[in-house]
Amino acid sequence: MRVLHVTHQYRPAIGGSELHITNLSEELARRGHRVTVFTSRARDYRTWRSELPKVENMDGVLIHRYRSLVRGALTWRILDYGYRNYRRTQSRCYEPLVFLGNGPVCPGLFWALLRKAANHDLVHINNLHYAHAATAYLVAKWQGLPLVITPHIHMEQPMTYDIDYMWTVLRGADHVVADTRSERQFLIGAGLDHQRTTTAGVGIHIDAFPSLDQQACRQELGLPIDAFVLLFLGRKTEYKGLDLVLEAFSALLPHHPQLHLVAVGPETTHSRALWSRYDGLPHLISLDRVPDEKRLLALNACDCLVMPSSGEAFGIVYLEAWAVGKPVIGACTRAVSSLVADGQDGYLVPSGSASQLADRIVRLLEDPALGPQMGKSGQKKLRNRYTVPKIVDIVEGIYLRVLRRNGHRTKQEPRAGKANRQARSIDRREAR
Amino acid sequence: MRVSLINLNLVAEDAIGQCIINQTHFFHCRGDAVRIYVLHPPRNVPADIADVARVVTLGDLISRQQEHFILSDLYIYHYPGRHALMESIRGIDRGVVIFYYHNVTPPNLWGSDADREVLMRGIEGKALVHYADLCITDSPFNKRDLAEETGYAPDRIYVLPLAVPLDQFTPAGKDPELVRRFNLEGQQVLSFVGRMAGNKRIDLLVEALARIKEKVPNTKLLLVGDDQGSPAYRQVVASARARAQELGIDKDVIWTGSQYPVPPYLRLADVYVTASLHEGFGVPLIEAMACGVPVVASRAGAMPWVVGEAGLLFEPGQSEDLAAQVQMVLQDASLRQTLVERGLERVQDFGLVQHEAGLAEIVDSAMIYALPRVSLEPMTETQDQPAARQTQTARSETMLTFLATEIAGQSDIALRDYQVRSRAPLAGPLIVWARRNMTSHLREPYLDPMIEKQVDINRQVAEWMRRAAILLSDSAQRQIELESQVKALEVQVEAIAGRLDEAGARKEQ
């Protein structure tokens with residue numbers, strides 16, 4: 001199969017949906033499909049500044065990157081103006097402003113799609129919210145190409161998806177891949193065909209998250225061995241819930257002096273304001289953007305991941321905690337409650353409730369066996385459902401279903417030689 | 001259309017083998033061309049099934065040597081566990097693919113390490129369901145199990161119970177020959193049919209027998225099924241025998257090994273018991289109920305659903321509870337009678353007719369979903385059997401009626417509620433005015449009449465199709481009447497010819 005992935009950013013840019021499309025592309029390439037990625041040259045969606053090379057081949061995936069218009073203060077104002085007025089009037093004339101404000105605006109990407117998209121069996125758009133989705137949708141429809149989209153909808157933030165042109169993209173796609181069961185239900189409720197909507201989810205490579213010695217990790221991070229360590233892991237923006245964690249933490253600290261909090265993730269103006277508010281709070285370590293190794297150290301050093309984020313499309317970070325056998329506490333949003341089973345592999349607390357959050361932390365603190373047990377149960381769930389190969393099985397199945405529905409024959413028989421060799425080896429194994 | 005059925009093997013006595021045979025007959029009757037692709041040569045199957053079965057390897061399927069396979073419109077992958085041919089599901093780029101899930105026993109219940117790897121692969125391989133357009137499975141328990149483990153959408157999983165040949169499994173007296181052979185005269189018999197795998201908990205049956213014998217001394221346990229086919233079975237049998245010896249009841253446990261046909265063995269039973277911890281369906285339960293035998297089963301897997309109100313359930317793994325339930329049936333004749341009656345009523349839901357009707361509905365809806373790409377024409381000459389022809393006619397009629405309703409529903413293509421609107425700030429009303437008034441010269445004389453004409457034609461087409469469906473069913477009816485008349489006439493002609501011959505012979509004399 002020849003697959004074209006169109007995404008706003010790709011590795012080495014960081015983020016949940018970036019990681020998802022990278023894992024997906026690489027695993028599909030490993031399975032013998034020819035995967036091309038069209039994306040922007042940016043590594044930060046706040047500026048869309050073109051930094052990355054134009055063409056690259058990473059782990060069997062051919063990546064074409066295109067220059068985009070830089071998002072400056074003016075663009076953000078345009079986006080804000082567009083959003084506000086669109087919400088108020090529902091008039092379509094503000095949609096172009098949303099489109100331009102979101103970016104990445106890449107004329108080169110549009111031109112390349114027009115020229116090259118038809119060489120592929122199928123176009124897969126990753127992430128609905130940015131401008132590349134509408135661009136790729138237009139081209140795929142003009143050229144009659146089968147189209148799959150993984151929208152990564154943040155259901156709690158209607159502003160980001162409830163735009164008419166985005167619904168046109170969703171309704172026009174041949175198949176929509178939801179991250180969670182609740183997202184699928186939401187899409188079906190909004191009028192999408194249940195046959196054309198499938199839950200896949202996001203997977204991680206378990207091998208990338210080995211369990212390390214907790215004591216050594218704590219020493220490395222300068223934490224006491226016998227502490228009870230809470231970990232916040234993610235971009236410190238408003239909706240991720242760092243303020244709630246700090247509130248619960250500062251309330252618990254006088255009664256539970258063994259508590260420590262490690263907050264890892266890129267700082268923002270929001271987080272800087274929080275630090276000044278909680279200035280001088282002991283037992284608190286904050287790290288800015290860190291390399292993967294340090295991230296792994298933090299995951300292994302902690303006793304519990306605390307991320308009461310109110311706007312997750314999926315929540316890869318919970319999977320990462322499970323991978324090293326740690327329990328998680330998340331907010332009871334639609335996406336996260338599809339992933340975390342309350343009381344089994346972690347806890348869910350009502351959005352915005354610091355007191356409930358503190359209550360769950362105390363439960364884990366007081367019963368030392370409970371946390372590891374929940375972590376283990378999460379780890380089992382992760383192995384069963386959310387590894388990269390499992391997710392790719394689902395997506396590969398969707399591609400085939402879409403091709404069958406569209407009466408397309410794959411333009412090039414996938415890896416006839418390799419497939420035959422694999423089949424022969426399976427046959428030999430069976431014969432034995 | 002062309003249909004490919006894929007499975008590991010094809011054994012007539014096996015529940016899945018029987019299911020494949022039923023499906024092959026079903027598609028044959030519809031006039032479809034069927035091929036069965038298996039890894040191992042078929043065993044004990046009727047000649048017409050053996051004709052369409054092909055023994056292949058995965059290489060044969062994906063190297064596109066099997067013309068029927070690569071051109072099929074419908075693929076049904078039976079999943080009794082992961083087998084090599086399953087891998088071909090990853091490459092099907094045409095038609096409709098159905099994953100037929102028959103459940104896999106969890107390795108921790110298997111009771112032996114012998115087949116652990118195979119079972120683990122079976123559990124892993126469930127994820128192949130994602131390559132299918134829809135999934136059929138035998139029970140709501142299987143549906144839940146698959147949806148939970150793989151995340152496959154429950155609204156794409158259809159429950160279709162396996163069919164039991166109710167004409168073979170009927171109530172009748174105990175076979176005196178078998179009673180004599182197993183020395184069951186004057187004995188109360190508990191029986192179990194199935195392979196002696198760990199999840200069936202034979203040891204629990206033995207323990208319960210010891211308890212039952214305290215109250216009902218003349219009780220025996222008859223175990224019918226494969227007890228030597230795998231090291232795991234042998235292990236289970238050895239430990240159950242040891243347990244029986246320990247309890248001093250080894251003479252009361254009878255192992256018959258695999259026996260066919262099964263009905264006479266089921267009829268020997270006064271109660272059918274199963275202590276299985278995991279069943280995706282449980283065919284023997286239905287067979288026992290159909291033979292007029294009350295059943296006692298554990299409250300596990302699909303069994304509570306299969307048994308319904310028609311049998312007694314006990315807590316899985318608890319021999320005291322099992323013994324208590326069995327005693328109740330043995331000692332209370334009216335309860336026994338109620339259970340038998342309810343059982344006979346319950347099994348009516350698991351007949352071949354229901355199975356075929358359910359399958360037809362699922363296949364037709366799947367085919368209509370993929371309609372533009374799939375040829376629905378019969379591929380083989382309809383067999384010259386009135387039943388086959390009738391099914392074919394009934395199917396065409398359903399199809400016509402369905403299409404007629406679809407077309408009738410969509411016939412009104414005019415957008416009658418449409419109102420010209422514009423949300424443009426300031427210029428909006430002007431745009432609305434312009435669009436309303438500057439297009440009327442096109443709309444009123446040309447577009448509106450054209451659309452109305454098309455609506456009329458659509459309605460007529462729907463009406464014609466409805467009438468055609470009625471005519472079709474009338475003519476089929478008339479044909480059957482004429483055929484019976486022709487038959488009657490033939491009989492008369494033969495009688496007259498016979499009489500003439502006799503008269504001729506007499507004349508010669």
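Keep in mind that the numbers below use all heavy atoms, side chains included, and drop hydrogens, waters and symmetry copies. Because the structure is predicted, anything quoted here is derived from the model rather than measured.
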Determine, stepwise, if the pair B:Val97 / A:Leu400 fulfils side-chain contact (heavy atoms from CB on, under 4.5 Å). CA-CA 10 Å; B:Val97 178; A:Leu400 277 170; over 6 Å; no
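Across B:Tyr131 and A:Arg404, no two heavy atoms sit closer than the pair O-NH2, 2.9 Å. Between A:Gln195 and B:Tyr158, the shortest heavy-atom contact is NE2-OH, 4.5 Å.
For CG of B:Leu426, the number of neighbouring non-hydrogen atoms (other residues, nucleotides, ligands) closer than 6.0 Å is 12 at most. Counting heavy-atom neighbours within 6.0 Å of A:Lys141 NZ, excluding the residue itself, gives a total above 12. For B:Arg43, the CZ atom is loosely surrounded, since the number of other residues' heavy atoms within 6.0 Å does not exceed 12. Around the CD atom of A:Gln90, the shell of radius 6.0 Å holds more than 12 heavy atoms that belong to other residues, nucleotides or ligands.
Taken to the nearest 0.5 Å, the CD atom of A:Glu396 stands 10.0 Å off from the CG atom of B:Leu128. We find the CG-NZ distance between A:Asn384 and B:Lys126 to be 9.0 Å, quoted to the nearest 0.5 Å. If you take CD on B:Glu148 and CZ on A:Arg385, they are separated by 11.5 Å, rounding to the nearest 0.5 Å. Taken from NZ in A:Lys390 to OG1 in B:Thr150, the straight-line distance is 9.5 Å, to the nearest 0.5 Å. Rounding to the nearest 0.5 Å gives a distance of 3.5 Å between OG1 of A:Thr198 and CZ of B:Arg156.
With hydrogens and angles disregarded, no donor-acceptor distance shorter than 3.5 Å links the side chain of B:Arg90 to the backbone of A:Asp393. Under a 3.5 Å cut-off, the side chain of B:Arg423 and the backbone N or O of A:Thr89 do not form any donor-acceptor pair.
Ion pairing between a basic and an acidic side chain is recognised when a charged N comes within 4.0 Å of a carboxylate O; B:Asp155 and A:Arg184 show such pairing.
For the set B:Ala132, B:Ser422, B:Ala127, the count of heavy-atom pairs under 4.5 angstrom toward chain A peaks at B:Ala132.
Within the 4.5 angstrom heavy-atom criterion, no atom of B:Ile123 approaches chain A.
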